[in-house]
Asks: 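Please see the structure below; I have some questions.
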Amino acid sequence: MNKNKSADSSTKPNLGRRRFLARSSAAAIGVGALGSTLLSPAAWAAKAVGDHASATLLRMARDVFPHDRLEDKYYAQVLSPLAESALADKELAALLKDGVATLDEQAQKVFSKAYLDVASEADRVTLLKAMQDTAFFQKIKGDLMMGIYNNQELWPRFGYGGSAWEKGGYVNRGYDKNDWIEEV
Amino acid sequence: MTTKFDLNDDSLVVIIGSGAGGGTLANELAQKGIKSVVLEAGRRFKMDDIENDEWKMFGKISWLDKRYVEGPARLAKDFPNLPAWIVKGVGGATVHWAGVAMRFQEHEFKMKTLNGVIPGANVLDWPITLQELEPYYVKAEKKMGVCGTEATGMPFHGQSSHYKVVAEGAKRIGAKCEQATLAINTEVRDGRPPCQVNGFCMQGCKIGAKWSTMYTEIPKAEATGNVEVRPQSMVLRIEHDKTGKITGVLYADQDGNQQLQKARIVAVAGNSIESPRMLLNSASSMFPDGLANGSGQVGQNYMTHTTGGVYAEFEKPVHMYKSTVVPGIVHEWKDNDPSRGHMAGYELEILHLGLPFMSAFLKPGKGGWGRELADSLANYDNMAGFWICGEDMAVESNNITLHPTEKDQYGLPVPVVYKTDHINDTRMRNHAYDRSKELFDSIGAIKVNNLPPYPASHNMGTNRMSEHARDGVVNRWGQSHEISNLFVSDGSQFTSSGTENPTLTIVALAIRQADYIADQMKKQLL
């Protein structure tokens with residue numbers, strides 16, 4: 001994974017590395033199971049781009065904003081309308097198809113296999129990183145950001161409350177509640 | 001009954017903009033019996049339009065007309081068309097502001113005297129002092145209902161969990177932290193309810209507990225019968241006669257038709273990008289560089305505050321969104337102490353974002369993706385943090401100019417905003433990042449994220465006040481040095497940015513300016 005050079009990068013390097021390794025192997029196990037369930041063409045409708053591109057886009061989506069505990073359907077909910085629009089929008093269809101083709105080309109060049117078959121998340125991230133500035137990547141990333149983090153259905157999973165005025169706000173619902181800070 | 005004024009009525013004050021400056025000026029003049037037309041580029045929103053939803057409100061109320069950001073700063077890459085995060089609508093940026101109402105400090109009016117000439121900067125003393133402004137600060141605090149002040153006697157909001165977490169960290173590193181003086185009711189006041197802590201101050205206050213000209217100054221002004229507000233009226237140019245006096249304002253109305261409203265006085269209050277843009281767009285053979293621009297300072301010295309964000313992650317929940325957006329301020333470093341390695345001061349303003357905005361701002365730009373970011377967002381409920389708000393040095397080359405070829409939907413040249421850090425800004429920001437990390441580490445943060453600046457809601461300095469005409473655009477009353485019946489009434493008249501959020505000072509200046517305009521009209525000097 002691409003570790004950001006933020007203020008924390010010098011702290012707890014071992015923990016960071018352990019967490020990273022644990023996640024990589026979990027992700028690798030995930031990939032092993034993908035062929036049968038996760039990435040079955042039925043996972044989401046994608047007539048416009050075909051089965052392989054659909055599976056690739058779903059894998060890519062999970063690599064862009066990886067939340068291992070979120071079910072595929074939440075990522076598919078972002079990709080489906082995109083593919084739907086691509087049926088009527090030739091430019092968008094081309095953007096998706098060509099994007100997937102380029103991703104596979106790069107994967108072949110570097111790892112001698114298709115993107116979907118690259119087992120380690122870190123390797124796939126390397127490929128994505130190289131495509132980061134493309135319109136294709138930014139389109140997928142932008143739609144995912146809105147589809148995951150602006151998805152009301154998911155807000156409780158992230159511990160975010162959303163609209164509060166109709167419930168009277170938090171003035172009588174625990175705005176001042178904190179039972180740990182003084183004992184830190 | 002809605003007041004309507006004739007386009008040919010040349011006895012009117014025409015106020016351009018309805019936010020903290022324009023909205024306040026209109027009401028202050030109206031209460032004195034002075035008639036005005038307020039031209040507002042945006043539409044009039046209703047309380048029903050306000051939702052507790054970050055992206056919906058962003059799309060609904062933001063000023064999203066085409067603009068360019070230029071310069072080497074990261075903002076130009078991350079947000080190439082969104083230099084500023086302000087509002088297009090009746091009420092202007094007071095719909096969006098978080099309600100933080102702090103007075104400038106005495107030294108902030110005389111930064112040049114205090115620090116001498118700073119290479120690469122264009123710092124100037126204000127032509128007024130804190131003492132002169134103090135009575136108007138009291139009036140502004142009363143008008144707006146600022147809690148935690150002597151002026152209102154209204155109590156603070158109480159300590160939210162978010163406040164408690166930061167305050168404990170501040171205590172452990174020996175830094176002063178206090179609840180924020182907010183123009184948000186904590187009691188029924190001025191016909192508006194107390195805050196119920198929805199946590200969406202910046203999306204427009206759904207219940208009207210926060211002061212906004214949208215539902216305070218503007219309707220009060222209209223109720224006098226002395227004011228006509230014309231929404232969706234975009235100013236194209238300000239016109240003058242042979243003697244150089246302003247005669248009226250040409251604007252595009254809601255149907256796109258051009259209208260010319262005659263005027264006795266014009267007050268510009270369209271925020272620090274639009275206000276200089278209007279003056280530049282009004283260039284004529286008599287004023288080839290734009291109105292009021294003999295000094296060449298119109299559009300220059302654009303300041304936004306030196307900003308950045310810091311969000312720490314903990315092992316236990318903070319639920320920062322269950323709070324007023326800014327529950328408190330760490331103001332240990334608000335003084336001017338060059339021994340820190342930088343001039344001027346900064347505040348750490350405790351501030352929450354919802355999950356949707358956090359996903360956009362925690363690591364903005366094209367590189368904002370990947371597992372590290374996702375892991376932090378998964379930890380959203382355990383986050384606490386703040387927005388750094390420090391004094392921004394006036395730099396002449398930070399400016400607003402007109403695009404040489406590209407026009408917007410009104411046929412006006414698109415504004416180009418050039419903004420980059422002075423070395424003082426960089427040092428200040430780094431100081432703030434370092435102190436923030438110490439603060440959060442002292443209470444067991446497991447990770448501290450530094451955020452780069454995002455689009456500016458505090459925009460200042462582009463029509464600055466100066467004692468001498470050669471150094472600035474307006475005098476101590478916000479009146480053009482060159483054109484006596486042309487005023488600037490918004491934050492663009494700020495000579496320095498101070499560390500404080502600008503709204504309270506804009507309102508205090510507008511109240512003071514209304515007194516001056518009334519006095520000058522009475523004496524037949526205007």
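From a predicted model like this one, the values you see are computed outputs, not experimental measurements. A, B, ... follow the sequence lines: proteins, then strands. Residue 1 opens every chain.
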Asks: Picking from B/Tyr433, B/Phe314, B/Tyr163, B/Phe357, which has the most non-hydrogen pairs under 4.5 angstrom with chain A?
Replies: B/Phe314
Asks: Please find out if less than 6.0 Å separates the ring center of A/Tyr160 from that of B/Tyr380.
Replies: yes
Asks: For B/Tyr321 and A/Tyr170, I'd like to know if the aromatic rings sit close, meaning centre-to-centre distance below 6.0 Å.
Replies: yes
Asks: Who among B/Asn382, B/Ile207, B/Asp434, B/Leu377 has the most heavy-atom pairs with chain A under 4.5 Å?
Replies: B/Leu377
Asks: Under a 4.5 Å heavy-atom cut-off, does chain B meet the side chain of A/Asp133, its backbone, both or neither?
Replies: both
Asks: Answer yes or no: is there a side-chain heavy-atom contact under 4.5 Å between A/Trp180 and B/Val165?
Replies: yes
Asks: Within 45 degrees of the axis of the six-membered ring of A/Trp165 and under 6.0 Å from its centre: does B/Lys206 put its NZ or CZ there?
Replies: yes
Asks: Tell me, side chain or backbone of A/Glu182 under 4.5 Å from chain B's heavy atoms, or both, or neither?
Replies: both
Asks: Between atom CG of B/Leu373 and atom CZ of A/Phe65, what is the distance when rounded to the nearest 0.5 Å?
Replies: 6.0 Å
Asks: Counting only heavy atoms closer than 4.5 Å, note whether B/Glu54 contacts chain A via side chain, backbone, both or neither.
Replies: side chain
Asks: Would you compute the distance between atom CG of B/Asn52 and atom NZ of A/Lys167 and round it to the nearest 0.5 angstrom?
Replies: 9.0 Å
Asks: Strictly distance-based, threshold 3.5 Å: is any side-chain N or O of A/Asn150 a donor or acceptor partner for the main-chain N or O of B/Pro356?
Replies: no
Asks: Need one label for A/Leu128: side chain, backbone, both or neither, based on atoms under 4.5 Å from any heavy atom in chain B.
Replies: both
Asks: Mind ranking A/Gly168, A/Gly174, A/Gly142, A/Gly162 by heavy-atom pairs under 4.5 Å with chain B and telling me who comes out on top?
Replies: A/Gly168
Asks: If you round to the nearest 0.5 Å, how far is NZ of A/Lys177 from NE2 of B/His319?
Replies: 5.5 Å
Asks: List the steps and the verdict of salt bridge (charged side-chain N to carboxylate O under 4.0 Å, His left out) for A/Arg157 and B/Asp381.
Replies: CA-CA 10 Å; A/Arg157 305 261 302 257; B/Asp381 199 25; over 6 Å; no
Asks: Quick one: closest heavy-atom pair of B/Ser161 and A/Asn178, and the distance?
Replies: OG-ND2, 3.0 Å
Asks: Do you know which of B/Ser323, B/Ser442, B/Ser160 has the most heavy-atom pairs with chain A at a distance under 4.5 angstrom?
Replies: B/Ser160
Asks: Taking all non-hydrogen atoms of both residues, which atom of B/Ser359 and which atom of A/Met145 are closest, and how far apart?
Replies: OG-CG, 3.4 Å
Asks: Considering non-hydrogen atoms only, spot the tightest contact between A/Ile181 and B/Arg172 and give its length.
Replies: O-NH2, 3.9 Å
Asks: Checking the side chain of B/Trp369 only, and the main-chain atoms of A/Gln132 only, is there a donor and an acceptor separated by less than 3.5 Å?
Replies: no
Asks: At a heavy-atom distance under 4.5 Å, which candidate from B/Lys316, B/Glu168, B/His157 has the highest pair count against chain A?
Replies: B/Lys316
Asks: As an exercise: rank A/Ile148, A/Val171, A/Asp63, A/Asn151 by heavy-atom pairs under 4.5 Å with chain B and give me the winner.
Replies: A/Val171
Asks: Please determine if A/Asp68 and B/Arg371 form a salt bridge, counting it only when a charged side-chain N lies under 4.0 Å from a carboxylate O.
Replies: yes
Asks: Is B/Ala360 in contact with chain A via its backbone, its side chain, both, or neither, using a 4.5 Å heavy-atom distance?
Replies: both
Asks: Using a 3.5 Å distance criterion without hydrogens, assess whether the side chain of B/Lys322 forms a donor-acceptor pair with backbone atoms of A/Asp176.
Replies: no
